[in-house]
Amino acid sequence: MKIILLGPPGAGKGTHAQKLVNDFNVPQISTGDILRKAIREETEVGKQAKTYIDQGQLVPDFVVIEIVRQRLNEGDCQNGYILDGFPRTIVQAEKLKEFAEIDAVINLVLSDEAIINRLSGRRVCSTCGGTYHVSLLNGKEHCEKCGEKLIQREDDKEETIKKRLNVYNVQTAPLIEHYKKINILHDVDCSGTIEQNHKAVLEALKK
Ligand code: AMP
């Protein structure tokens, strides 16, 4: 199963990708996670990516395309994968077509208001990537899974969220039409609970 998870920031791409990893036993390829790791490790790619990410802008196409091309060549991707956060531009989608045959695109749909609420309250573990929402943390400041301190991502601050939404609408949303045209796109309403939304994703994949 080769799946693309499409949707605005905060729609739940990471959460649903992790669930699908368990369902289908294929890896999650998150360009955001790969770039953040590169930043932590202070690699050349990390240095290039940091300014863009902190400002809510997209990292240049050629950088992410090369990352994904190499990653999809690895052994664990041969039976499928969940692409989380890639492609994000038409150029990326066109290039992806040259080295991957996608079975389905799940378009996670959520209102701007809900996105801002989710992202501004999101707290993440800087070590294992665990994700939480302040409204459910009851003041706790450490990751349930590994005990590390939870942080707010620099790009989850309200000003940057608005910029990311704008970037999404201008650069990424055109992918919806792009994939609709070739009949592999499924819209999934993501305003429910994680479990409800996950069920809806699985239903869409059966089609
Ligand atoms: P995410 O964790 O998917 O929200 O990604 C965080 C940030 O990483 C984005 O706001 C972009 O700056 C960068 N990024 C992730 N994936 C891509 C991509 N496919 N193309 C360009 N930039 C990306």
Side-chain angles (χ1 to χ4, degrees), residues 3-18 28-40 45-68 71 82-96 105-126 129-137 150-179 185 187-192 194 197 201:
I3 301 169
I4 292 174
L5 287 180
L6 193 64
K13 294 189 293 293
T15 304
H16 290 293
Q18 279 167 20
Q28 167 190 12
I29 315 296
S30 158
T31 38
D33 284 350
I34 295 172
L35 291 167
R36 278 184 291 275
K37 182 163 179 271
I39 293 174
R40 281 198 303 277
V45 166
K47 284 179 202 156
Q48 280 181 51
K50 184 170 169 35
T51 14
Y52 295 98
I53 294 186
D54 285 351
Q55 289 173 11
Q57 301 295 328
L58 293 186
V59 173
D61 286 331
F62 73 93
V63 177
V64 273
I65 289 166
E66 209 34 51
I67 288 175
V68 175
R71 182 65 187 86
I82 314 294
L83 281 174
D84 156 15
F86 184 93
R88 259 176 155 105
T89 65
I90 295 284
V91 172
Q92 292 177 16
E94 290 292 352
K95 280 284 166 197
L96 177 67
V105 180
I106 297 293
N107 180 34
L108 304 175
V109 181
L110 193 69
S111 71
D112 283 6
E113 197 191 343
I115 289 166
I116 294 173
N117 176 281
R118 276 193 197 173
L119 289 184
S120 56
R122 178 161 74 176
R123 297 295 178 270
V124 295
C125 172
S126 54
T131 303
Y132 304 84
H133 194 274
V134 272
S135 61
L136 300 172
L137 277 170
L150 300 177
I151 56 159
Q152 182 174 36
R153 273 169 47 175
E154 202 49 48
D155 59 346
D156 278 349
K157 308 244 161 97
E158 193 158 339
E159 256 331 281
T160 317
I161 295 171
K162 288 186 179 149
K163 278 194 213 152
R164 288 165 68 198
L165 270 177
N166 188 42
V167 165
Y168 169 79
N169 287 325
V170 174
Q171 294 182 265
T172 308
L175 290 176
I176 297 172
E177 277 311 306
H178 177 87
Y179 285 118
L185 185 115
D187 286 327
V188 173
D189 169 41
C190 272
S191 57
I194 292 176
N197 300 341
V201 169

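Basis for what follows: all heavy atoms, side chains included, without hydrogens, waters or symmetry-related copies.
Asp33 pairs by the salt bridge (charged side-chain N to carboxylate O under 4.0 Å, His left out) definition with Arg36, not counting sequence neighbours. Not counting sequence neighbours, the partners of Lys37 by the side-chain contact (heavy atoms from CB on, under 4.5 Å) test are Arg40, Glu41. With sequence neighbours excluded, the residues that form a salt bridge (charged side-chain N to carboxylate O under 4.0 Å, His left out) with Arg153 are Asp155. Looking at residues two or more places apart in sequence or on another chain, you find a side-chain hydrogen bond (donor to acceptor under 3.5 Å, both in side chains) between Asp189 and Ser191.
Side-chain N or O atoms of Lys13 include one that pairs as donor or acceptor with a backbone N or O of Gly7 at under 3.5 Å. A side-chain donor-acceptor contact under 3.5 Å links Asn169 to the backbone of Leu165.
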Name each donor-acceptor pair under 3.5 Å that joins a side chain in residues 107-120 to protein atoms two or more places apart or in another chain, with its distance.
unit_1	atom_1	unit_2	atom_2	d
Asn107	ND2	Asp187	OD1	2.7
Ser111	OG	Ala114	N	3.2
Arg118	NH1	Gly10	O	3.2
Arg118	NH1	Ala11	O	3.2
Arg118	NH2	Cys190	O	2.8
Ser120	OG	Ile116	O	2.7

In a table with atom names and distances, give each donor-acceptor pair under 3.5 Å that connects a side chain of residues 83-90 to protein atoms at least two apart or in another chain.
unit_1	atom_1	unit_2	atom_2	d
Asp84	OD2	Gln28	NE2	2.8
Arg88	NH1	Gly85	O	3.0
Thr89	OG1	Asp61	OD1	3.0
Thr89	OG1	Gln92	N	3.0

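Thr172 places a side-chain heavy atom less than 4.5 Å from the side chain of Leu175.
Rounding to the nearest 0.5 Å places CD1 of Ile194 at 10.0 Å from CD of Gln18. Within the model, atoms NZ of Lys163 and NZ of Lys157 stand 12.5 Å from one another, a figure rounded to the nearest 0.5 Å. Atom CZ of residue Arg71 and atom OG of residue Ser30 lie 11.0 Å apart, to the nearest 0.5 angstrom. Taking CD from Gln57 and CD from Gln171, the interatomic distance works out to 7.5 Å, rounded to the nearest 0.5 Å. Going from atom CD1 of Ile151 over to atom CZ of Arg122 covers 10.5 Å, rounded to the nearest 0.5 Å. Annotation: the span from Arg123 atom CZ to Leu137 atom CG amounts to 8.0 Å, rounded to 0.5 Å.
Heavy-atom minimum distance, Ala93 versus Tyr179: CB-OH, 3.4 Å. Between Ile67 and Val45 the shortest heavy-atom distance is CD1-CG1, 3.9 Å. The minimum heavy-atom distance linking Ala49 with Val59 is given by the pair CB-CG2, 4.0 Å. In this structure, Ala17 and Leu5 approach most closely via the heavy-atom pair N-CD1, 3.5 Å.
By the neighbour-count criterion of 12 heavy atoms within 6.0 Å, atom OH of Tyr52 is sparsely surrounded, having that number or fewer from other residues, nucleotides or ligands.
For the side chain to side chain contact (heavy atoms under 4.5 Å, CB included) with Ile29, the qualifying choice from Ile82, Ile34, Ile4 is Ile34, the only one to do so.
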